[in-house]
Structure formats: structure tokens, C-alpha cells
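Just below is one structure, and these are the notes that go with it.
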2 protein chains.
Amino acid sequence: MGSPAPLLDALDTAGLRLTEARRTVATLIADRDGPFTAADLLADARGRGIDIGRATVFRALDAFSELHVVERLDLPNGDHAYVGCDPAHHHHVVCENCGRTTEIDDAGIRDIVRAIERRTGYRVDSHRLELFGRCPACAAAEPVS
Amino acid sequence: MGSPAPLLDALDTAGLRLTEARRTVATLIADRDGPFTAADLLADARGRGIDIGRATVFRALDAFSELHVVERLDLPNGDHAYVGCDPAHHHHVVCENCGRTTEIDDAGIRDIVRAIERRTGYRVDSHRLELFGRCPACAAAEPVS
DNA sequence: ATTTTTGCAAATCATTTGCATATAT
DNA sequence: ATATATGCAAATGATTTGCAAAAAT
């Protein structure tokens, strides 16, 4: 349902070629909602009768990741997944029940990172914050805690 | 150099058996400093002339992870690694140069998580924060940024 | 005694690679 | 034209599995 345009724009801006395969992957990603795996996209493609190479999907995912329009998540169970995302936002809350994903803004993390640098003496170049739980709908559906 | 005792205690407390293999893995972990992979431990073992099965190492690592005395990290390059850690602490700063690891306390993350819950409506059950950069020594060794 | 763990080797799974061909610029 | 990207099939590499034997309770 989403639009693949931001993904394609990112490619264009980066000087990468707008190939048919990449358009396809961008569309598949845009049509996804929660986190997905490379295998999911492959399956989606086949489901639509589109023929695309496995390696190509991985390569496209890599490209999009580097452009920060897709992020690679590590789920608590150890699985890897990707999510399409706004290049400015880098953190997500993932619903462990339905897979829904919501981007979160900096929310004060920047300050925390600074505090940690001060406290540990490390220079922090990058960080990764992932939150897992229940989205509002799923939380409501299972009253107890 | 570290002591395997906390690891073994955790097993004991959890009612898991204190086997020779698990003692070995605990010792190998205690003797490690930065993050390590399962393959590292295997190599360490062989280097000491200890014979232990690959699967056993993975199983021990799983057990320790579940007991929160070892944490599984996902490095920025996509690799997986483990680190021994205090069960109360769940975040690390990792030096991307020398591999050194430092545990960090809650540092206000709890508040941020709460703020995010309020803002998104999600109920957050768990989170993962990983920071990457340079430890003091490595940062000093490479003046530029 | 009984249950849990081990160790092996084979199986699985995701991801990557080499290379010739096709495509975007 | 020329550099880049694709697709395949094979290679890789980490992690898991089944199952009988071994060890811990």
C-alpha cells in the first residue's frame, strides 16, 4: 500500500541505477507493513508471478540499508528482518504478536548517548535501539500482563 | 582471568546440570575479555587441548543467554557475538577497533522507554541497546574523527 | 533409576560469490 | 560505449537436529 518512491529516490540520489529488479524490490517493500525477511520478499515476488533472483533481492536490500531507507533489525529470537523506514529515523518498536512496527524519534536517546560517552570515556559512533512488546491493539486483546 | 563462578551459579540456581562441558564453556567465557563467537570458544578449547562438541558449545551459550549471564550482540557488520555479563546489566558499548566491551547501567533508558510507551501506545516488554565506537585507548590512538 | 546432556555427523538456512549476460546510463 | 547490475547455481558459514551413548541427579 505504501509508495516505493522514497526508496527509488534514494537510489537515484545516490547515483545508483534504477533497474527493473530494484523497482520490483522497492514495490514489494512498500507493500509490506511489519518487518520482513529476504525470503518473504522472494515469496511475495513469486506470488505475483514476478521472477527475480535471490541474490538480487539481497543486493537490493543491502543497497537500501546503506541508504538508510531500510533498516535491518535483529529480533529477540535471533532472526533477522528488515523494515522500510524514514531515513531520519533509526529506531523501532516491534510488536512481537502481530509484527507491526512503529518508528520512534530520538526521544532523548541522544542525551543518553552523550552521558554514556562521558561516563565510559568511549567515543560512540553509532548505536542501535530496538524495542519489543505489544502494539496498542494486541495489548488490548490480551488484558493480563 | 575472570571467574566462571557466576556462570555456574546461574546454572545451578536454574536447576540445570553442572556438567563438565558447561564448566569448560564457562571457563572459556570467563577467560575472554571482549565479545567472542561460538567459533572463538571452539578454537580456544582446541588450543587448550580440550575436546568439546560444536553443538554443545552452542547449547551452552543458549543456556547462559537465557540466564542472562551471557548476552548475544549483533555487531554493526551483521555478525553475531556473545559477551559474558552481569545479569543485572543489559547494555554494552563495544569498541569497534579492539573489541573491548564495557557494560553500561540503565543511564536513563528506563525513562525513555516509558516515554515511548506513552507516545506510541505500545507496551514495551524488552529492549536492546547497543553502542559502538572507540574505547578511550583506541580513540586516543587515532586523533582524527 | 531416570532425566538431562553430550557428541557426532548430517541437515538446514540465510547469505554470498564468481562469472557470463543483460541493462541503464 | 561502458560501467553497473542481474541471474544462476554453487560455495560458504553459522547454527540446528536426530539419536544413541554418557553423565548427572
Side-chain angles (χ1 to χ4, degrees), chain A residues 4 7-29 35-46 48-67 70-83, chain B residues 4 7-29 35-46 48-67 70-83:
Chain A
L7 295 267
L8 299 175
D9 286 351
L11 287 177
D12 195 35
T13 302
L16 293 175
R17 295 186 176 172
L18 281 190
T19 66
E20 195 50 37
R22 303 220 251 232
R23 285 173 200 283
T24 298
V25 174
T27 301
L28 293 175
I29 292 172
F36 55 86
T37 64
D40 288 335
L41 296 188
L42 251 333
D44 289 354
R46 282 179 193 148
R48 300 184 186 190
I50 298 169
D51 201 25
I52 189 172
R54 201 194 338 282
T56 304
V57 170
F58 277 100
R59 287 190 277 234
L61 248 9
D62 278 358
F64 288 131
S65 297
E66 278 186 15
L67 300 174
V70 155
E71 188 177 1
R72 185 176 177 158
L73 302 176
D74 299 286
L75 278 353
N77 62 23
D79 284 358
H80 290 330
Y82 299 84
V83 257
Chain B
L7 298 264
L8 298 175
D9 286 351
L11 287 178
D12 195 36
T13 302
L16 294 175
R17 294 185 178 175
L18 282 189
T19 65
E20 196 49 37
R22 304 219 251 231
R23 286 174 200 284
T24 298
V25 174
T27 301
L28 294 173
I29 291 172
F36 54 87
T37 64
D40 289 335
L41 295 189
L42 250 334
D44 290 354
R46 282 178 194 148
R48 301 185 186 189
I50 298 169
D51 201 28
I52 189 172
R54 202 194 337 285
T56 303
V57 170
F58 277 101
R59 287 190 277 233
L61 248 9
D62 277 358
F64 288 131
S65 297
E66 279 187 13
L67 300 174
V70 155
E71 188 177 1
R72 184 176 177 158
L73 301 176
D74 299 286
L75 279 351
N77 62 21
D79 284 358
H80 290 331
Y82 299 84
V83 258

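Chain naming here is simple, since letters A, B, ... match the order of the sequence lines and numbering starts at 1 in each. Values reported hereafter were calculated over all heavy atoms of this structure, with side chains retained and with hydrogens, waters and symmetry mates removed.
- Remark: A/Thr19 is not in phosphate contact with D/dA5, judged by side-chain N or O atoms under 4.0 Å from OP1 or OP2.
- Between A/Arg54 and A/Ala60, the residue whose closest nucleotide on DNA chain D is further toward the 5' end is A/Ala60.
- Side-chain N/O atoms of B/Asp62 and B/Ser65 include no donor and acceptor closer than 3.5 Å.
- Toward the 5' end of DNA chain C, the nearer of the two residues B/Ala55 and B/Arg17, judged by each one's closest nucleotide, is B/Arg17.
- Taken from CG in B/Leu41 to OH in B/Tyr82, the straight-line distance is 9.0 Å, to the nearest 0.5 Å.
- Atom CG in B/Leu11 sits roughly 19 Å away from atom P in D/dA23 (whole-Å rounding).
- Between its opening and closing five pairs, the helix from C/dA1-D/dT25 to C/dT25-D/dA1 changes axis direction by 50°, a value rounded to 10 degrees.
- In this structure, CG of B/Leu61 is placed 12 Å from C1' of D/dA14, rounded to the nearest angstrom.
- A 6.0 Å sphere centred on CZ of B/Arg48 holds more than 12 heavy atoms belonging to other residues, nucleotides or ligands.
- If you check every strand for non-hydrogen atoms under 4.0 Å, A/Arg72 touches sugar and phosphate atoms only.
- Between B/Arg22 atom CZ and D/dA22 atom P the separation is 19 Å, expressed in whole Å.
- Of all nucleotides in DNA chain C having an atom under 4.0 Å from a heavy atom of chain A, the first and last in 5' to 3' order are C/dT15 to C/dT25.
- In this structure, the NE2 atom of A/His80 is 16 Å from the P atom of D/dG13, given to the nearest Å.
- Atom CZ of A/Arg46 and atom C1' of D/dG7 are 12 Å apart (whole Å).
- In this entry the distance linking CG of A/Leu16 with C1' of D/dT4 reads 9 Å, nearest Å.
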